[in-house]
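Atoms considered below: every heavy atom in the structure, side chains included; atoms not considered: hydrogens, waters and symmetry mates. Sequential numbering from 1 along the given sequence is applied to the chain's residues. Atoms within each ligand, like the ligands themselves, are counted from 1 in listed order.
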Amino acid sequence: MSAIPRIVVSPPGPKARELLKMDERYVSPSYSRYYPLVIESGQDCVVKDVDGNEYIDLNAGIACLNVGHVHPKIVNAVKTQCGRFLHYSNTDFYYEQVIRLAEKLADITPGFPEKKTYFGNSGTEAIEAAVKLAKWHTRKQLFIAFVGAFHGRTMGSLSFTASKPTQRRHFFPLMPGVTHVPYGYCYRCPFKMNYPECDYWCIDFIDEFVLKKYVPPEDVAAFVYEPIHGEGGYVVPPPEYFQTLKRLADRYGILTIDDEVQSGIARTGKWFAIEHWGVDPDIICSAKALASGLPIGAATASSKIMDWPAGSHASTFGGNPLSCAAALAVIEVIKEEKLLENSNKQGVYALKRLGEFGQENPIVGDVRGKGLMIGVELVEDKDSKKPASEKAHEVMIRSWKRGVAVVTCGVSTLRLSPPLTIKRETLDLALDIVEDTIKEVATEA
Ligand SMILES: Cc1ncc(COP(=O)(O)O)c(C=O)c1O
């Protein structure tokens, strides 16, 4: 019998239930918890709950723990930094960790040889910075974003988020000037067309029906996109999608803001997912996995674009030394442990395995992904493609109870984003459980 997963008490166990009661009493109900998993600790690809259950972690703290839980090099880097100084406001003074991390980001991000980075504390702050920078640099006020995207929940980034109505309900007015257009979601093409016969009509549509009709292109500062939709369903656009979009952007002198908060830092087998399309964005946002779960957000842009003056944007804690020390260690670990390679290798394997499984299973509509960012979209049946959201929920809950922590995204997609350190054996154990659970749910009425 394998050591993991290990379920010793049906979750949530007694300790978890006690904490859940307190959570209900004291913590904001706005958090949308997937299931009552109360974490006690983590180790590489395994997460342990407060009642002693151990799960294979296909969530990685929602794509944050790319180097695994408590990687010793990250922990040591943070401990060392703790003994030096905890804070000294990068807004107002200097310290080496920020400077070194900006240098590394200039190196690992695609595009311009000379780049600069702004540091905040979260994904949403990276987006806020990118949007403000695009406004500053271009002196333009309009933006184009994509239906299904998730870019954060503060008022600026929320204006770009278009994944679920609950994220925006009762929060209007948002930032004016953002127009949403359909995304390259071929499995559910908003135009009911088929790839490749469509010949990228979804991009031509932006030109012909948006820019030429009611959003004057000379007033548009930037396109804001995720190279792979995360929260919106792990949706991977077709092969020439971003090249075609970039040509459109260049035609009108519009910048591109690439939100790699979820897809970045080796998640997809490249440092940044947009590299799969060979396109160089103007501004790249990263966060989540950059500091292995410590708060950080980064907007990296060509030095020519990042030309805003002192005082135009800053944050007291942005680029805090602990997060920067962790991020420098994360980049080293990814290189040393060849995690780009492992993400590719295990990702190709998992996609093939799940793809073959999906062909035989009546409720698996689509399997897609890059590296270890993999979505399995469940449907009521393959002909109607009706999203099977309840079934997806059921698969998620039962997998968890059997020892695999996995969550959903979009309407009915299982989202697989394990640490990039995952080994074949562990991945297989997790996939065995997820596939068995899908089989079981598929046979129920
Ligand atoms: C693509 C993307 N952008 C932005 C954000 C917002 O990041 P944060 O929750 O750190 O503000 C997220 C968070 O899930 C994300 O997935």
Side-chain angles (χ1 to χ4, degrees), residues 28 30-34 59-66 109 118-132 134 143 145-164 166-168 171 174-175 178 180 183 185 222-237 242 256-268 271-274 276 281 283-300 315 317-320 323 326-327 330 369-375 407-410 413 415-417:
S28 165
S30 62
Y31 300 115
S32 49
R33 273 68 173 265
Y34 288 96
N59 298 330
I62 314 298
C64 289
L65 302 162
N66 288 7
T109 46
Y118 167 87
F119 290 103
N121 304 285
S122 58
T124 198
E125 284 180 64
I127 302 297
E128 299 285 344
V131 167
K132 281 181 72 175
F143 290 85
F146 292 85
V147 175
F150 185 86
H151 295 292
R153 298 172 194 265
T154 48
M155 293 306 276
S157 71
L158 182 61
S159 318
F160 294 83
T161 288
S163 163
K164 294 189 175 83
T166 184
Q167 292 151 353
R168 293 159 67 99
F171 296 132
L174 303 176
M175 186 186 104
V178 182
H180 286 88
Y183 191 62
Y185 186 179
F223 284 102
V224 180
Y225 62 77
E226 286 174 89
I228 297 177
H229 273 181
E231 222 282 314
Y234 275 28
V235 178
V236 186
F242 289 106
T256 51
I257 297 177
D258 177 31
D259 178 353
E260 299 264 4
V261 166
Q262 187 151 170
S263 57
I265 319 298
R267 165 64 41 206
T268 69
W271 281 106
F272 293 91
I274 195 64
H276 289 285
I283 307 176
I284 301 179
C285 297
S286 48
K288 282 187 180 290
L290 179 56
S292 200
L294 268 66
I296 197 162
T300 303
S315 128
F317 295 126
N320 84 73
S323 298
V330 163
K370 298 263 183 213
L372 285 170
M373 184 170 188
I374 297 176
V407 297
T408 55
C409 55
T413 298
R415 135 167 41 183
L416 278 55
S417 63

Student: May I ask whether Lys288 has any heavy atom positioned less than 4.0 angstrom from an atom of ligand 1?
Tutor: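 Contact check Lys288 vs ligand 1: positive.
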Student: Considering only heavy atoms of Glu226, which atoms of ligand 1 have at least one such atom less than 4.0 Å away?
Tutor: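 Counting from 1, the qualifying ligand atoms are 1 (C).
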Student: State whether Glu260 and Arg267 are salt-bridged, where the test is any N-O pair (Lys NZ or Arg NE/NH1/NH2 against Asp/Glu carboxylate O) under 4.0 Å.
Tutor: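 Arg267 and Glu260: not salt-bridged.
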Student: Does the Ser417 side chain pair with the main chain of Asn59, one donor and one acceptor, at a distance under 3.5 Å?
Tutor: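 Present.
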Student: For ligand 1, which atoms, with element, lie under 4.0 Å from some heavy atom of Gly152?
Tutor: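 Within the 4.0 Å cut-off of Gly152, ligand 1 contributes 4 (C), 6 (C).
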Student: Closer than 3.5 angstrom, by distance alone: can the side chain of Arg415 be matched with the main-chain N or O of Gly230 as a donor-acceptor pair?
Tutor: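 Answer holds: no.
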Student: Ring pair (Phe, Tyr, Trp, His ring centres under 6.0 Å), that's the test. Do Tyr183 and His229 meet it? Break it down for me.
Tutor: CA-CA 9 Å; Tyr183 191 62; His229 273 181; 3.5 Å; yes
Student: Given Val261, Thr161, Thr154, which one has a non-hydrogen atom that is nearest to atom 15 (C) of ligand 1?
Tutor: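 Checking each option, the heavy atom nearest atom 15 (C) of ligand 1 is found in Val261.
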Student: At a 4.0 Å threshold, what atoms of ligand 1 neighbour a non-hydrogen atom of Ser122?
Tutor: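 That gives atoms 10 (O), 11 (O) of ligand 1.
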Student: At a 4.0 Å threshold, what atoms of ligand 1 neighbour a non-hydrogen atom of Gly123?
Tutor: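 Result: 6 (C), 7 (O), 8 (P), 10 (O), 11 (O).
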Student: Testing Ile127, Val224, Thr154, Leu174 for side-chain contact (heavy atoms from CB on, under 4.5 Å) with Ser159, which one passes?
Tutor: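 So, applying the side-chain contact (heavy atoms from CB on, under 4.5 Å) to Ser159 and each of Ile127, Val224, Thr154, Leu174, only Leu174 qualifies.
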Student: Looking at ligand 1, is there an atom of it that comes within less than 4.0 Å of some heavy atom belonging to Glu231?
Tutor: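 For ligand 1, residue contact (heavy atoms, under 4.0 Å) with Glu231 is absent.
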Student: In terms of atom number and element, which parts of ligand 1 are under 4.0 angstrom from non-hydrogen atoms of Asp259?
Tutor: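 Every atom of ligand 1 under 4.0 Å from some heavy atom of Asp259: 1 (C), 2 (C), 3 (N), 4 (C).
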Student: In the protein, what heavy atom is nearest to atom 16 (O) of ligand 1, and what distance, to one decimal place, separates them?
Tutor: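 Nearest protein contact, heavy atoms only, for atom 16 (O) of ligand 1 is Gln262 NE2, 2.9 Å.
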Student: Is the number of heavy atoms from other residues, nucleotides or ligands within 6.0 Å of CZ (Phe317) greater than 12?
Tutor: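 Atom CZ in Phe317 is not packed in, count stays at 12 or less.
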Student: Please check if the side chain of Ser122 supplies one atom and the backbone of Gly297 the other of a donor-acceptor pair under 3.5 Å.
Tutor: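 It does not hold such a pair.
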Student: Under 4.0 Å from any heavy atom of Thr124, which atoms of ligand 1 are there?
Tutor: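 Counting atoms of ligand 1 from 1, those under 4.0 Å from Thr124 are 6 (C), 7 (O), 8 (P), 11 (O).
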